[in-house]
K.L.:
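Mind looking over this structure? Questions follow.
Within every chain, numbering begins at 1; the chains are lettered A, B, ... in the order of the sequence lines, protein sequences first and strands thereafter.
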Protein chains: 2
Amino acid sequence: MTHSEENYLKAIFHLNKGGAKAVSTNALAGQMDTKPSSVTDMIRRLAEKGVVHYKKYQGVSLTEKGSRLALSVIRKHRLWEVFLVEKLSFNWDEVHEIAEQLEHIKSEQLIDRLDELLGFPQFDPHGDPIPTKDGSLPSGDKQLLSNMPLHSKGICVGVKDSSSAFLKFLDKNNIALGHRIELLEKEEFDNSVFVKVNDAPMHLSYQIASNLYVKKI
Amino acid sequence: MTHSEENYLKAIFHLNKGGAKAVSTNALAGQMDTKPSSVTDMIRRLAEKGVVHYKKYQGVSLTEKGSRLALSVIRKHRLWEVFLVEKLSFNWDEVHEIAEQLEHIKSEQLIDRLDELLGFPQFDPHGDPIPTKDGSLPSGDKQLLSNMPLHSKGICVGVKDSSSAFLKFLDKNNIALGHRIELLEKEEFDNSVFVKVNDAPMHLSYQIASNLYVKKI
DNA sequence: ATTTAAATTTAGACAAATCTAAAAATATGT
DNA sequence: ACATATTTTTAGATTTGTCTAAATTTAAAT
């Protein structure tokens, strides 16, 4: 697979997430920032390689093989994003462009060991789930409080940092597994959040919010 | 610069190392594992971009600009090799192919931070010097004690850390500029080294060894 | 120095990935 | 349902990087 082919597979995968029906040529052209005619050409090549289903005028969708490939590229992208943030101190909003390049590096072993170095993370810095080696996505309904959309509600289901200092803090502030959490406001400046925990309003630092897993309801 | 163009610059740089005269089309074709006619085409493109000097039938050499670019690619290659060995536990003989890909990733910031993460190494896992950000190659004969090959001998010529604490330590242990140093053994576990300083055997921590410059003899 | 050999360049072609402009198929509105 | 609008595909051209085969230039040898 060339870089460009991998990017098309990724785009088809993302556009297909919502509905189960085929992706239109125009939609794909929009996503790829290219012209519909170019998309048609590329789709034909991809169909010949057996990674997409394609019938003229009927849109395109991934085959089993194409889906595996797309997930593998997405896995690489998100693992590299974690690396950039965790190991090289990039901000979560600076890493996308670099990861777009790194995701095309070809070495199974490299990715396995990167995964290990990072402690087998389940989510990338944007809160998106990282596909596993065998191609399954961890359920999206569990995510870090810091990654939840504004005004969403959920149930506290876990912690990322399980140090006793952190758990003690949660205890002191009456935050526990099973408690309801509502995200009221996000502070741009320091990424801290205003929440209600079981109707008790409180202000949590980014430190805290980025270590609490919440299941959306 | 495209990946291919960067690879040509690198190849020209390496073939030029020995003699000062221009690199022949055939030699370059050999290095790049391609045909001489392809090389001619590429050289013309590179000349138009002002990164090589080229006169028909007279061979090719790097301009100032081309040399800077080549060194930058080599720097990336060698830093990634250090990363693969130090952080991902690859063997030194497994990293070349992967580094060939990683060296083309475009981000100044990425390389600067990688350099920092690795502790500003001067040599790659094969012992080749890593060009600095400003494009100078550390001379092969001065290097950190911690980077010296086993059983090599040298003269202490400088320190990296020049804090008084460190200098006091050297004084107390009778290590000074001009003293002979022989590297007897390296401890895998903590990277400490066993050395003889002017025939006096001693055991130095990695802390120490990675702050002492030695000139090979 | 003249011929032969080797190195280098040109000419023409091809695959990948893109574009523009025009044609064909599908969808939409009343 | 029929005309019109939208979407999609085709046709032909371009760029990058490569190739083969032929022509040209430089080097070598007797």
K.L.:
Quick one: list whatever passes ring pair (Phe, Tyr, Trp, His ring centres under 6.0 Å) with A/His96, sequence neighbours left out.
P.N.:
A/His77

K.L.:
Are more than 12 heavy atoms, taken from residues, nucleotides or ligands other than B/Asp33, located less than 6.0 Å from that residue's CG atom?
P.N.:
no

K.L.:
Going 5' to 3' along DNA chain C, which are the first and last nucleotides with any atom under 4.0 Å from a heavy atom of chain B?
P.N.:
C/dA7 to C/dT10

K.L.:
Not counting sequence neighbours, which residues clear side-chain hydrogen bond (donor to acceptor under 3.5 Å, both in side chains) with A/Glu108? List them please.
P.N.:
A/Lys133

K.L.:
For A/Tyr54 and D/dT10, give me the distance from atom OH to atom C1', rounded to whole Å.
P.N.:
10 Å

K.L.:
Start with the C-alpha gap between B/Phe83 and A/Phe83, add the side-chain angles, then the distance that decides, and say whether ring pair (Phe, Tyr, Trp, His ring centres under 6.0 Å) holds.
P.N.:
CA-CA 12 Å; B/Phe83 170 75; A/Phe83 170 75; 5.2 Å; yes

K.L.:
Just jot down the side-chain contact (heavy atoms from CB on, under 4.5 Å) partners of A/Glu6, sequence neighbours excluded, or say none.
P.N.:
A/Met1, A/Val73, A/His104, A/Lys106

K.L.:
Go through the structure and list residues passing side-chain hydrogen bond (donor to acceptor under 3.5 Å, both in side chains) with B/Lys49, not counting sequence neighbours.
P.N.:
B/Glu5

K.L.:
CD of A/Gln58 versus C1' of D/dT6: gap in Å, rounded?
P.N.:
15 Å

K.L.:
To the nearest Å, how far apart are A/Lys56 NZ and D/dT9 P?
P.N.:
8 Å

K.L.:
Hey, which sits more toward the 5' end of DNA chain C by its nearest nucleotide, B/Tyr57 or A/Tyr57?
P.N.:
B/Tyr57

K.L.:
What pairs with B/Val159 under side-chain contact (heavy atoms from CB on, under 4.5 Å), at least two apart in sequence or on another chain?
P.N.:
B/Ser162, B/Phe166, B/Leu167, B/Leu170, B/Leu212

K.L.:
So which of residues 26-36 of chain B are in contact with DNA chain D, with a heavy-atom cut-off of under 4.0 Å?
P.N.:
B/Thr34, B/Lys35

K.L.:
What about B/Ser37, does its side chain sit under 3.5 Å from the base of D/dT18 through a donor-acceptor pair?
P.N.:
no

K.L.:
For A/Ala29, give me all partners under side-chain contact (heavy atoms from CB on, under 4.5 Å), at least two apart in sequence or on another chain.
P.N.:
A/Pro36, A/Val39

K.L.:
Residues in ring pair (Phe, Tyr, Trp, His ring centres under 6.0 Å) with A/Phe13, at least two apart?
P.N.:
none

K.L.:
Base, sugar-phosphate alone, or nothing: which one does B/Thr25 contact when heavy atoms must sit under 4.0 Å apart?
P.N.:
sugar-phosphate

K.L.:
Below 3.5 Å between N/O atoms, which protein atoms pair up with nucleotides 14-17 of chain D? Just atom names and distances, please.
P.N.:
residue	atom	partner	partner atom	Å
D/dG17	OP1	B/Thr2	OG1	2.4
D/dG17	OP2	B/Arg45	NE	3.3

K.L.:
Can you list the residues that meet the side-chain contact (heavy atoms from CB on, under 4.5 Å) rule with A/Asp199, with sequence neighbours excluded?
P.N.:
A/Arg180

K.L.:
Taking only residues two or more places apart in sequence or in another chain, which ones pass ring pair (Phe, Tyr, Trp, His ring centres under 6.0 Å) with A/His203?
P.N.:
A/Phe194

